[in-house]
Amino acid sequence: MPVEPLSQKEVEDRLAELPGWSLDGDRLTRSYRLGSHFAATAMVVHIAQVQEELGHHSDLTLGYNTVSLSVHTHSAGGAVTEKDFELARRVEDLAPGHGAH
């Protein structure tokens with residue numbers, strides 16, 4: 001079953017629930033600064049595991065102590081969909097100091 005693109009209002013409403021995430025063109029994006037390179041690398045591994053579970057993958061960039069994600073849904077013509085927000089919520093839940101409110 002195809003995934004439908006979200007409207008601009010739906011994207012804005014969902015972004016309001018995810019501080020730190022933003023819309024950059026046609027992609028959801030977020031960067032995290034961690035305490036060390038090792039912590040950033042560990043986060044990348046955890047994100048990769050979540051992406052495999054969801055069957056939905058972002059562009060993921062590892063810096064010295066930073067992790068950046070950029071995601072949209074290719075099967076929806078590169079638009080933002082609920083799948084992107086599901087991934088964003090899962091990443092927030094595992095981010096040090098960001099999850100489990």
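Owing to the predicted nature of the structure, the values given are computational and were not obtained by experimental measurement. For this chain, numbers begin at 1 and follow the sequence in order.
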Thr29 and Ser22 side chains, donor-acceptor separation under 3.5 Å: yes

As an exercise, state the distance from CD1 of Ile47 to CG of Leu94, rounded to the nearest 0.5 Å. 6.0 Å

Applying ring pair (Phe, Tyr, Trp, His ring centres under 6.0 Å), which residue pairs with at least one partner in residues 59-81 are found, sequence neighbours left out? His37-Tyr64, His72-His74

Side-chain contact, heavy-atom cut-off 4.5 Å: Glu17 with Phe85? no

I would like to know whether Arg30 and Val91 meet side chain to side chain contact (heavy atoms under 4.5 Å, CB included); could you show each step before the answer? CA-CA 10 Å; Arg30 172 80 154 97; Val91 170; over 6 Å; no

A side-chain contact here means heavy atoms from C-beta on lying under 4.5 Å apart; do Asp24 and Ser70 qualify? no

Can you tell me how far CZ of Arg90 sits from CG of Leu54, rounded to the nearest 0.5 angstrom? 5.0 Å

List the residues meeting side chain to side chain donor-acceptor pair (under 3.5 Å) with Gln49, not counting sequence neighbours, and say none if there are none. none

For His46, what residues pass the side chain to side chain donor-acceptor pair (under 3.5 Å) criterion, not counting sequence neighbours? none

Taken in chain and number order and not counting sequence neighbours, the residues that satisfy side chain to side chain donor-acceptor pair (under 3.5 Å) with Ser68 are Ser31

Student check: side-chain heavy atoms of Met43 and Leu34 closer than 4.5 Å: yes

Can you confirm whether Glu4 sits close enough to Thr81 that some side-chain heavy atom of one is under 4.5 Å from a side-chain heavy atom of the other? no

Taking all atoms of both residues into account, what is the closest heavy-atom pair of Ala40 and Val67, and its distance? O-CG2, 3.4 Å

Approximate separation, where rounding is to 0.5 Å, of Leu87 CG and Leu69 CG: 6.5 Å

Taking the side chain as every heavy atom from C-beta outward, state whether Leu23 and Gln8 have any atom pair closer than 4.5 Å. yes

Enumerate the salt bridge (Lys or Arg N to Asp or Glu O under 4.0 Å) contacts for residues 58-87, please, sequence neighbours excluded, ordered by first and then second residue. Arg14-Glu82, Arg27-Asp59, Glu82-Arg89

Who passes side chain to side chain donor-acceptor pair (under 3.5 Å) against Ser58, sequence neighbours left out? Gln51

